[in-house]
Peer 1: 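Shown below is the structure under consideration.
Only this structure's heavy atoms are used, side chains among them; waters, hydrogens and symmetry mates stay out. Each chain gets a letter, A, B and so on, in the order the sequences are listed, and its residues count up from 1.
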Number of protein chains: 2
Amino acid sequence: MASDDFNLSDFLPYRLSVLAARMSKKLSKVYGDTYGLSTPEWRVLAHVAHREKMSVREIRDSVSLDKPSVSRAVSKLEKAGLLAKSICSRDHRLVEIEVTEKGLEVFHQIAPEALAFEAAVLSSFSAKERQQLDDLLTRLQGVVDEQTGEVCAVDQPN
Amino acid sequence: MASDDFNLSDFLPYRLSVLAARMSKKLSKVYGDTYGLSTPEWRVLAHVAHREKMSVREIRDSVSLDKPSVSRAVSKLEKAGLLAKSICSRDHRLVEIEVTEKGLEVFHQIAPEALAFEAAVLSSFSAKERQQLDDLLTRLQGVVDEQTGEVCAVDQPN
DNA sequence: GGCTATTCGTTGCAAGTGAAACGATTCTCA
DNA sequence: TGAGAATCGTTTCACTTGCAACGAATAGCC
């Protein structure tokens with residue numbers, strides 16, 4: 001393999017990292033500067049906003065964050081009055097997390113701005129190109145998610 | 001804007017973040033598990049490997065890391081014997097950073113594995129699709145890099 | 001030439017992050 | 001039923017990160 005040809009700025013993982021970081025940083029101004037939310041908090045709020053009560057574990061499985069991050073994000077959002085937390089009566093290990101009216105209000109202020117940001121980023125792309133991008137990202141995610149090391153799996157950590 | 005339609009898992013910044021994070025984590029096994037390098041260290045090494053002596057600032061401008069991260073990465077790589085650092089004789093503020101023989105050796109072991117990883121990720125993509133991906137990412141990066149807030153700029157921080 | 005402003009790289013420090021440990025609760029199965 | 005295993009959410013702790021401040025060195029300007 002010709003490692004003399006290696007050029008970091010052409011290297012896919014690097015390019016994706018840089019692009020994602022820049023985009024996230026710009027987007028974070030939307031929910032961070034105005035509403036004081038962190039990225040984990042924004043993700044949790046966005047996921048819980050239009051859904052039923054759910055546990056920390058369910059959120060973790062859906063927003064690509066580890067367990068402690070979700071736990072902390074939920075605590076902060078609860079303190080801010082955007083989420084309500086209660087112990088599940090059927091299973092006292094579980095916590096039922098739900099968006100509050102105030103939380104929904106905040107979400108409905110942020111979401112349009114977030115969508116506008118996305119639209120601005122994609123504004124110079126045709127419908128066909130957007131479809132291409134969607135497909136390519138989906139396939140890449142699929143490849144990366146292929147579990148190479150299989151286990152019978154006890155408890156999913158984090 | 002219909003914020004009820006907002007779905008995090010379809011949201012471009014989120015998708016890119018998740019994809020980039022997963023890919024970087026998998027890649028980091030290549031340089032991390034075997035050679036004990038962190039991501040900033042890997043980026044610095046990869047960038048310096050086939051280049052002339054350069055300063056911290058030049059590296060920073062090329063690898064999308066902030067000043068302290070580059071400084072720390074260089075220090076660690078120097079301690080590990082992969083880089084050599086000396087004070088520039090023309091300008092004593094500057095540092096001249098250069099890869100050592102050992103550093104080049106390590107790089108030539110990692111780079112092929114990194115390229116193989118990239119090739120594996122892209123293995124199911126046709127040449128045309130790779131070109132599409134390349135173009136789309138380049139254009140997205142261009143859009144995100146457009147400076148919205150212009151300043152005369154004093155010192156570039158970090 | 002000397003004074004100020006700027007640039008360089010490093011370091012301090014506070015905030016964020018993730019792996020592991022923990023107590024509490026429930027499940028499993030003999 | 002009861003003991004051990006598994007799961008849940010939180011917390012602890014070590015590590016990383018990014019901003020700001022800093023001392024050192026140079027550039028700019030009168």
Peer 1: Can you tell me the distance, in whole Å, between the CG atom of Leu65(A) and the P atom of dG18(C)?
Peer 2: 8 Å
Peer 1: Would you please confirm or rule out a distance under 4.0 Å between OP1 or OP2 of dG9(C) and any side-chain N or O of Ser71(B)?
Peer 2: no
Peer 1: As a test of reading the structure: which of dT26(D), dT16(D), dT10(D) is closest to the side chain of Arg93(B), going by heavy atoms?
Peer 2: dT26(D)
Peer 1: Which of these nucleotides, dA20(C), dG18(D), dC8(D), is closest to any side-chain atom of Leu94(A)?
Peer 2: dC8(D)
Peer 1: Please check if any side-chain donor atom of Tyr14(A) sits under 3.5 Å from a side-chain acceptor atom of Ser24(B), or the reverse.
Peer 2: no
Peer 1: Expressed as a whole number of angstroms, how long is the span from Asp66(A):CG to dA14(D):P?
Peer 2: 18 Å
Peer 1: Using a distance-only criterion (donor-acceptor N/O pair, under 3.5 Å, no hydrogens), is the base of dG18(D) paired with the side chain of Arg72(B)?
Peer 2: yes
Peer 1: Can you confirm whether Lys85(B) is buried at NZ, in the sense that more than 12 heavy atoms of other residues, nucleotides or ligands lie under 6.0 Å from that atom?
Peer 2: yes
Peer 1: Looking only at side-chain atoms of Pro68(A), point me to the closest of dG18(D), dA27(D), dT11(D).
Peer 2: dT11(D)
Peer 1: Between Arg139(B) and Asp135(B), is there a salt bridge with N-O shorter than 4.0 Å?
Peer 2: no
Peer 1: Please tell me if the side chains of Val74(B) and Val48(B) come closer than 4.5 Å, counting only heavy atoms from C-beta onward.
Peer 2: no
Peer 1: Can you tell which of dT11(C), dA25(D), dG9(D) lies closest to the side chain of Val56(A)?
Peer 2: dG9(D)
Peer 1: In this structure, how many angstroms lie between the P atom of dA6(D) and the CG atom of Asp91(A), rounded?
Peer 2: 17 Å
Peer 1: Rounded to the Å, how far apart are Arg60(B) CZ and dT17(D) C1'?
Peer 2: 16 Å
Peer 1: Between dA24(C) atom P and Ile87(A) atom CD1, what is the distance in whole Å?
Peer 2: 13 Å
Peer 1: Without decimals, in angstroms, what is the distance between Leu37(A) CG and dG16(C) C1'?
Peer 2: 15 Å
Peer 1: Roughly how bent is the helix from dG1(C)-dC30(D) to dA30(C)-dT1(D) end to end, in steps of 10 degrees, with each end axis from five pairs?
Peer 2: 20°
Peer 1: Answer yes or no: does a side-chain N or O of Lys25(A) lie under 4.0 Å from OP1 or OP2 of dC19(D)?
Peer 2: yes
Peer 1: Would you kindly compare Pro40(A) and Ser75(B) by the position of their nearest DNA chain C nucleotide and give the one closer to the 5′ end?
Peer 2: Ser75(B)
Peer 1: Can you figure out which of dG9(C), dT26(D), dT10(D) approaches the side chain of Lys85(A) most closely?
Peer 2: dT10(D)
Peer 1: Can you tell me if Ser55(B) touches the phosphate of dC8(C), counting only side-chain N or O atoms and a distance under 4.0 Å to OP1 or OP2?
Peer 2: no
Peer 1: Strictly below 4.0 Å, N to O, side chains only: are Arg22(B) and Asp145(A) in salt-bridge contact?
Peer 2: yes
Peer 1: Which part of the nucleic acid, if any, lies within reach of Ser69(B) when heavy atoms closer than 4.0 Å are counted: base, sugar-phosphate only, or nothing?
Peer 2: sugar-phosphate
Peer 1: Does one side chain, of Glu78(A) or Ser75(A), offer a donor that lies under 3.5 Å from an acceptor on the other?
Peer 2: no
Peer 1: May I have the distance from Glu58(B) (atom CD) to dG9(C) (atom C1'), rounded to whole angstrom?
Peer 2: 13 Å
Peer 1: Using heavy-atom distances to pick each residue's nearest nucleotide on DNA chain D, tell me which of Cys88(B) and Val70(A) is more 5'.
Peer 2: Val70(A)
Peer 1: Using heavy atoms to find the nearest nucleotide of DNA chain C for Thr39(A) and His92(A) separately, return the residue whose nucleotide is more 5′.
Peer 2: Thr39(A)
Peer 1: Would you check if there is a donor-acceptor pair between the side chains of Arg15(A) and Thr138(B) at a distance under 3.5 Å?
Peer 2: yes
Peer 1: Output yes when Arg51(B) and Glu98(B) qualify as a salt bridge under the 4.0 Å nitrogen-oxygen rule, no when they do not.
Peer 2: no
Peer 1: Starting at atom CG of Asp61(B), determine the distance to atom C1' of dG9(C), rounded to an integer number of angstrom.
Peer 2: 14 Å
Peer 1: Measuring from the side chain of Arg57(B) (C-beta onward, heavy atoms only), which nucleotide among dG9(D), dC8(C), dG18(D) has the closest atom?
Peer 2: dC8(C)
